[in-house]
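Following this message is one structure expressed as structure tokens.
FYI, side chains are in, hydrogens and waters are out, and symmetry mates aren't considered; it's all heavy atoms of this structure. In listed order, ligands and their atoms are each counted from 1.
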Amino acid sequence: MHRIAVIDKDLCKPKNCSLECIAFCPLNRDGGRCITLSDEEDRSKAIAVIDEDICNGCGICVKKCPFEAITIINLAEELEERKVHQYGQNAFRLYNIPVPKDNAVVGLLGRNGIGKSTVLNIIAGLLKPNLGRYGNGEPSWDEVIEHFRGTAVKEHLKAIAEKRIRVAMKPQQVYLIAKVFNGTARELLARYDENGSAEHYAKRLALHESLERYVNELSGGELQRLAVAVAASKDVDLYLFDEPSSYNDVYQRLEVARVINEIAGKGKSVMIVEHDLTMLDYLSDYMHILYGEPGAYGIVSDAMSTNTAINEFLQGYISTINVRFRDRAFRFESATSGEDLIMEEVVAEYTRIEKKRQGFRLVADCARVRKGEVVGIVGANALGKTTLMMMIAGVDKPDDGEFRINARISYKPQYLEQDYEYDVRTLLSEAYGKGIEGSSAEPLIVEPLRLKKMYDKIVKNLSGGELQKVAIASCLLRDADIYAMDEPSAFLDVEDRIMIARFIQRFVKGQGRSAVIVDHDMHMVDMVADTLIVFTGIPGKEGYATGTLSKRDGMNLFLKGLDITFRRDEESKRPRINKMHSRLDRMQKENGIYYSI
Ligand code: ADP
Ligand code: MG
């Protein structure tokens, strides 16, 4: 075994503790220097440093640290040889690296902070792997290539180092594009258009009406699709897409998936990171699972078939190497609907309503929300989903029709505010109305969402996924009858999406509350919703909302509009998109069964 010690730099605050890790380390007490401070002069700048060669893994520092900033893990010795990169002392490290395949889409599946973006950056040549020799002893490209001799990785890295391969990368954070490019969408496309296809992709990705706008005026979804179009219109050998679904609705996700598929169809290599399981499944020809401990280390599995990879990921067990990386397996019953647990009591209802905005009209059929019910809302962007949510929440009023709502609403918006200088504990306490620590809400909400160890983190430093979970917890901590959430899946990894979906179901049923949830991740909707409201219409012009339909009818209607059919995976029971025009797709369409339970 060899030991790795990882310090969370955001949590380690030597100026606010009594240096418990150093005081209690048995090796330090014997006069050794296992744990020291990075800056012995100035404690406000310092963090703890653990010497991994000396540390015996007793774990006392892990328990004593008041901020839970230390992680110590024992790993198999053999793994050390497969170390590809380490960001620094007591920092994240990556083991193994996948290789792109010609003519194929290779998918990467894993938790946030497990190293997926690190992998893409290395594959793209943006980050030179250091084999664990960070700092002054960094290896040269020649050494790195020599290290991987006899492997397919070597060929790829050699080609990257010698600049024989050209790479296009759609980065994870599309908002950064607006910070570095000062011009219109059309100008950005023109700058990188190498095969004359920018126009074509812009049209397909529904950007043609946004081309004259400045990049910094675009919405998240527009920026995402613009970034995809920019990458797709480069003429290169390898295309990398880091989370291309974020901010997009289902129609846009499908179109992005089709664009990516076409690129691979032209004989190119594609690698993609994605947390929307339905899309990742639909897109990938092969997949790698990344497992380990988020923020501490990540191991890349060998390539597997897509179906095996997803099912084994859900199982938490990789059979070929006999590794269990999660103690629980996720299983889905077909037709997970707790409809029999919904009570008759109506907490909110509305008649047929109409609402006009400049150039936009929403018509919604009458609907009701019952106690214990989770209503899912699905539909394209700009059809009025948020407008309806605002009226349910009582923030806005219809022009025609009537809302009868005898309920308190707690609302989580789609776009989250991050300008908050205080820590998570303070934010959650504000939502709860009193101190969260030690309260009865802690075991009920904070612990199941695994947020306790984030209490000391400053909200403005949180990652997208962490912020989303904090926002969901804040929403649920407010005392309300209806919890309305706009896109809770955004930025969460697959595991958290499943965890949150199940938690919302359990919370609503267990506490006799209700929820209304807008989301674009079909797997998430399938897990969380009892009933559905489906939006159709022309985005930005007119939206039409159905009343509350059964999940089966709602999904059927929605999928029909998308012209796709779902089947159930036999093993995991998760929904899968049928290949267009496949036997199953044709058969299900003939019988009008777009969604199978
Ligand atoms: P993923 O894409 O799977 O969410 P990342 O590759 O972005 O994961 O990050 C993996 C881990 O490496 C995280 O803990 C992250 O904080 C850390 N990390 C990423 N970039 C750096 C860096 N430049 N320096 C130090 N740590 C980093
Ligand atoms: Mg990433």
Side-chain angles (χ1 to χ4, degrees), residues 4-12 38 47-50 68-73 75 83-98 106-135 138 169-177 224 227 231 240-247 271-277 279-280 287-301 309 313 325-326 450 453-454 457-458 460-469 489-497:
I4 70 171
V6 179
I7 311 273
D8 188 320
K9 290 196 176 82
D10 290 339
L11 293 180
C12 179
S38 60
I47 57 162
V49 178
I50 301 182
E68 298 187 46
I70 307 175
T71 309
I72 300 215
I73 296 160
L75 287 180
K83 194 191 275 181
V84 173
H85 192 73
Q86 179 167 349
Y87 282 113
Q89 187 166 28
N90 300 145
F92 179 84
R93 49 213 92 183
L94 176 76
Y95 302 92
N96 298 347
I97 185 104
V106 173
L108 304 181
L109 173 59
R111 306 216 55 182
N112 280 330
I114 206 78
K116 301 178 301 299
S117 297
T118 303
V119 165
L120 289 193
N121 284 326
I122 292 174
I123 293 293
L126 298 170
L127 176 68
K128 183 175 83 179
N130 63 16
L131 312 175
R133 284 151 52 194
Y134 48 86
E138 265 192 32
M169 163 100 126
K170 198 296 286 174
Q172 180 175 350
Q173 270 126 355
V174 291
Y175 271 104
L176 298 182
I177 299 171
Q224 184 69 264
L240 307 174
F241 295 91
D242 200 346
E243 302 192 21
S245 283
S246 313
Y247 309 108
M271 220 178 242
I272 145 170
V273 169
E274 181 53 56
H275 294 302
D276 181 322
L277 209 52
M279 289 301 149
L280 185 67
M287 273 173 61
H288 297 264
I289 294 176
L290 280 88
Y291 60 99
E293 180 64 36
Y297 75 102
I299 304 176
V300 184
S301 80
F313 179 80
F325 60 87
R326 191 190 322 108
R450 298 185 218 140
K453 63 182 269 186
M454 270 163 44
K457 292 207 177 190
I458 304 298
K460 67 176 174 18
N461 297 338
L462 297 178
S463 70
E466 291 171 334
L467 183 67
Q468 185 69 261
K469 277 199 281 183
S489 76
F491 312 113
L492 296 181
D493 59 35
V494 171
E495 207 172 308
D496 278 339
R497 287 180 196 206

Sub-4.0 Å atoms of ligand 1 with respect to non-hydrogen atoms of N112: 4 (O)
Among side-chain atoms of N112 and H275, is any donor-acceptor pair under 3.5 angstrom? yes
Tell me: protein heavy atom nearest atom 4 (O) of ligand 1, and distance?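 Protein heavy atom at minimum distance: G113 N, 2.7 Å.
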Could you tell me if any non-hydrogen atom of G110 lies under 4.0 Å from any atom of ligand 1? no
Assess Q172: does it contribute an N, O or S atom lying under 2.8 Å from the Mg ion (ligand 2)?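 Q172 does place an N, O or S atom closer than 2.8 Å to the Mg ion (ligand 2).
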Please state whether the separation between the Mg ion (ligand 2) and some N/O/S atom of S117 is under 2.8 Å?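 For S117, the answer is yes, given that an N, O or S atom comes within less than 2.8 Å of the Mg ion (ligand 2).
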For atom 26 (N) of ligand 1, decide whether some protein heavy-atom distance is shorter than 4.0 Å.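 So far as the 4.0 Å threshold goes, atom 26 (N) of ligand 1 is in reach of a protein heavy atom.
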Search all heavy atoms of N96 against all heavy atoms of V300 and return the closest pair with its distance. ND2-O, 2.9 Å
Which residue and heavy atom of the protein sit nearest atom 11 (C) of ligand 1, plus the separation: F92 CG, 3.3 Å
Does the structure place the NZ or CZ of R111 under 6.0 Å from the centre of the six-membered ring of F313, at an angle of no more than 45° from the ring's axis? no
Determine, using heavy atoms of A91 and all atoms of ligand 1, whether some pair is separated by less than 4.0 Å. no
Need the ligand 1 atom indices (1-based, order shown) with element for anything under 4.0 Å from a heavy-atom of G295.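 Taking each heavy atom of G295 in turn, ligand 1 has 14 (O) under 4.0 Å.
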Identified side chain to side chain contact (heavy atoms under 4.5 Å, CB included) counterpart of Q86 within the set Y297, Y95, Y134: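 Among Y297, Y95, Y134, the one that satisfies the side chain to side chain contact (heavy atoms under 4.5 Å, CB included) with Q86 is Y134.
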Relative to the heavy atoms of R111, which atoms of ligand 1 are at a distance of less than 4.0 Å?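 Taking each heavy atom of R111 in turn, ligand 1 has 3 (O) under 4.0 Å.
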State whether the side chain of K170 and the backbone N or O of D242 hold a donor-acceptor pair below 3.5 Å, judged by distance alone. yes
